[in-house]
Amino acid sequence: MEDVHKWQRQHIKVHDQSKEGFPLNVIIDPAMREMYQHVHAQGLTNVFDRFEQQEKIRCNFCAQGLSCQLCANGPCRINAKVPRGNCGVDAHVMVARNFVYRHVTIGTAANIFHAQQAARTLKAAAENPNSGLKIRDTNKLLKYAEMAGLNSHEDVNKVAVNFANFIMEDMGRPYWEESKLVQAFAPPKRQELWRKLKLYPGGGFSEVATAQTKCMTNLNADPIDFLLTSVRLGVANEYQGLFALDTLQEILMGTQRIRTAKQNMGLLKKDMVNIITNGHMPLTAHVVVELASTPEWKEKASKAGASGIQILGHVCEGQQLLNYEDTGKMSAYGGQEGEWLSEEYLLATGAVDLFMFDYNCTIPTLPLYAKRFGTTMVSTHEVIRMPGTEVVEFKPEEMRKQAEQILDMAIAAYAKRKAENREVYIPPHVSDCMIGFSTESVKEALGGSWKPLIDAIVEGKIRGIATIVGCTTARYGQGGSNIFRIAKGLIEKDILILSGGCTSSVMEYTGLADPKAAEECGPGLKAVCKALGIPPVLSYGACVDIGKMTQTAKEIADTLDVDTNMLPIVIGAPEYLEQKAVADACTAIALGWLVHVAPVPSVTGSDVVVKTLTETTETLGLGKLTVEVSADKTVQLYVDHIEKKRKELGI
Ligand code: SF4
Ligand code: SF4
């Protein structure tokens with residue numbers, strides 16, 4: 001085992017996760033740890049130091065969901081002595097309404113928006129085959145077009161246009177017409193339940209608009225209705241958001257293939273043109289990587305005095321690029337950097353010539369860092385703008401031209417860095433990992449059928465599956481360390497992990513996504529990992545790749561001929577951060593799964609809301625939420641749930 005991985009394992013044993021010693025007691029990414037100290041010593045604003053500042057002025061009403069700023073009679077806050085807002089709303093409605101309005105609608109809208117951009121890009125690629133992205137996985141396109149009820153025997157480009165239109169039309173459907181994507185791709189038993197419970201969504205954009213309408217002052221005042229609306233949005237979030245965008249992007253960039261790769265800041269090279277691509281929609285970025293891999297652009301970089309040009313992914317954008325089959329074959333692809341917490345520290349290396357960003361999570365202080373450390377920042381989508389940064393409009397019909405523009409800017413930025421002889425410090429940390437896991441690639445590794453995995457579960461070698469997904473947070477006890485502690489605890493209990501999002505970066509820099517981590521598992525999982533040559537944590541990529549995990553679960557459930565809620569599976573977001581994560585939790589509840597989250601979400605101000613989300617939904621055949629911040633208790637909670645599900649399945 002690498003020394004750094006030994007240190008990480010010792011560190012989480014020795015140090016408690018309290019506020020004393022924060023943030024170094026939670027930062028276990030060796031590169032981020034070094035760069036945090038460097039940035040902190042210079043007195044620069046940065047994410048961990050800002051957490052401590054905010055912690056001192058945090059509002060307890062907001063933390064419980066008991067504050068409202070919806071109308072001009074507010075802001076209102078509720079406590080035992082003042083039990084209603086000015087309009088008369090009580091704690092239960094206020095908390096439930098905040099939950100839908102501030103979290104679930106935004107998250108659902110964002111995922112569907114992303115899928116819309118991917119559909120638009122597929123259409124552009126089919127109509128203008130030389131414009132940039134191309135159709136790489138024709139089989140997938142034809143298979144899913146057929147499942148959607150489209151004619152898959154036409155010219156491929158025509159099928160692609162029809163498939164893209166089918167998806168975009170479904171998003172735009174009114175809420176009172178059933179979604180065709182849900183009809184075509186959701187598990188049939190779940191569809192029956194959603195119909196019965198009135199959770200069957202129509203078009204996603206209309207669903208979001210309807211939910212937001214309900215949130216208006218003096219409109220809906222039923223907390224249960226708000227919560228069920230959230231679950232309904234969760235269904236739209238999955239099939240018109242996550243599942244749709246995952247499918248579309250794999251058609252365009254190549255379905256995942258299992259391979260080995262490298263991660264962390266040590267991949268930056270002082271004498272190369274370094275481009276970081278950040279966000280969640282690696283559409284333009286993929287064309288940039290492809291173009292930069294050609295002799296023409298290598299030559300241009302060399303004329304500027306560089307030894308080469310490379311594109312490295314960051315956050316979820318990078319996790320997707322890391323996994324797509326074709327990126328791995330392109331010589332200018334440099335690997336994965338890290339999680340969102342490390343963005344400021346990454347720019348502080350002084351080695352990033354160009355930082356392109358298309359969506360969340362690009363943090364607002366980056367222009368300050370870019371100015372100080374000489375990085376050119378380029379927005380590649382109109383949905384994200386930052387003052388003082390360059391803009392290349394997202395036009396899927398002109399991606400090749402746009403990629404050329406970006407590469408020109410990057411080379412110019414490198415030439416400037418070189419001419420000014422600017423200081424660069426690159427922390428020398430790189431981790432090996434195995435990546436590229438998805439429904440198709442896992443099934444292929446199992447010999448083309450789910451039977452070997454199901455047999456291993458039935459025999460008890462693998463007790464069950466946990467998805468550890470989503471973000472990392474800059475909070476006490478978190479910062480990636482909570483994810484690491486939980487993941488280690490689970491594999492020791494023979495629970496296989498699927499990761500997605502910034503959690504994947506944590507798995508990569510801690511060595512848990514390396515086949516060598518098989519040695520750290522319980523005996524059953526260890527034997528399975530060794531036999532297949534895989535790690536105990538299978539990285540499915542980004543947070544948006546949760547759509548692939550639900551597809552894997554659906555196929556396993558179909559093979560067993562059971563509903564998805566019967567599976568021995570837990571969905572975990574041990575450091576959830578933002579609105580998409582909450583929408584994703586609602587998806588998992590809709591599919592019947594136990595969803596663990598930490599930190600504590602802002603719903604504790606209402607016992608009705610807490611009881612509904614943590615108990616009642618399960619009695620309806622849905623899943624439920626559970627909250628636990630202690631890593632050790634979390635592991636036990638997953639084990640107990642998985643054992644309960646095994647018993648129900650009779651295994
Ligand atoms: S909607 Fe009601 S609770 Fe909210 S700010 Fe207005 S009066 Fe206050
Ligand atoms: S996992 Fe969360 S924090 Fe990380 S990039 Fe995705 S949305 Fe952002």
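Note: hydrogens, waters and symmetry copies are ignored here, and every other heavy atom, side chains too, is used. For ligands, and for the atoms within them, numbers begin at 1 and follow the listed sequence.
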Tell me whether Glu317 reaches ligand 2 (any heavy atom closer than 4.0 angstrom to a ligand atom).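 So Glu317 does not count as touching ligand 2.
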[X] and [Y]: side chain donor to acceptor below 3.5 Å:
X      : Y      : result
Asn111 : Asp584 : yes
Asp358 : His280 : no
Gln212 : Thr105 : yes
Thr510 : Gln8   : no

Should the ring pair Phe113 and Tyr359 be called parallel, tilted or perpendicular, given that the plane angle runs from 0 to 90° and is split at 30 and 60?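 Aromatic pair Phe113/Tyr359 classed parallel.
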Aromatic rings Phe243 and Tyr239: how do their planes relate, parallel, tilted or perpendicular, breaks at 30° and 60°?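 The rings of Phe243 and Tyr239 sit tilted, inter-plane angle from 30° to 60°.
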Examine the proximity of ligand 2 to Glu339 and report which part, side chain or backbone, both or neither, has a heavy atom under 4.0 Å away.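 It is neither; nothing of Glu339 touches ligand 2.
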Start with the C-alpha gap between Glu250 and Lys548, add the side-chain angles, then the distance that decides, and say whether salt bridge (charged side-chain N to carboxylate O under 4.0 Å, His left out) holds. CA-CA 11 Å; Glu250 285 190 329; Lys548 293 174 189 164; 3.2 Å; yes
If every non-hydrogen atom of Val26 is compared with every non-hydrogen atom of Gln478, which pair is closest and at what distance?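 Minimum heavy-atom contact is CB-O, 3.2 Å.
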Do any heavy atoms of Arg97 fall under 4.0 Å from ligand 1?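 Under 4.0 Å: yes for Arg97.
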Below 4.0 Å from ligand 1: does a non-hydrogen atom of Met94 turn up there or not?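 Judged by the 4.0 Å heavy-atom criterion, Met94 does count as contacting ligand 1.
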Tell me the protein N, O or S atoms under 2.8 Å from atom 2 (Fe) of ligand 2, in chain and number order.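 Only Cys471 SG fall inside 2.8 Å of atom 2 (Fe) of ligand 2.
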For atom 6 (Fe) of ligand 1, how many protein N, O or S atoms lie at less than 2.8 Å?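 For atom 6 (Fe) of ligand 1, protein nitrogen, oxygen or sulfur atoms under 2.8 Å: 1.
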When you look at Arg475 and Glu52, which way does the salt bridge (charged side-chain N to carboxylate O under 4.0 Å, His left out) test go after all the steps? CA-CA 8 Å; Arg475 298 184 75 89; Glu52 293 219 280; over 6 Å; no
Minimum side-chain heavy-atom gap Ile224-Thr612 below 4.5 Å: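 Side chain of Ile224 against side chain of Thr612, heavy atoms only: contact under 4.5 Å found.
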Heavy-atom side-chain contact between Ile106 and Thr108 under 4.5 Å: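 Not touching, per the 4.5 Å side-chain cut-off.
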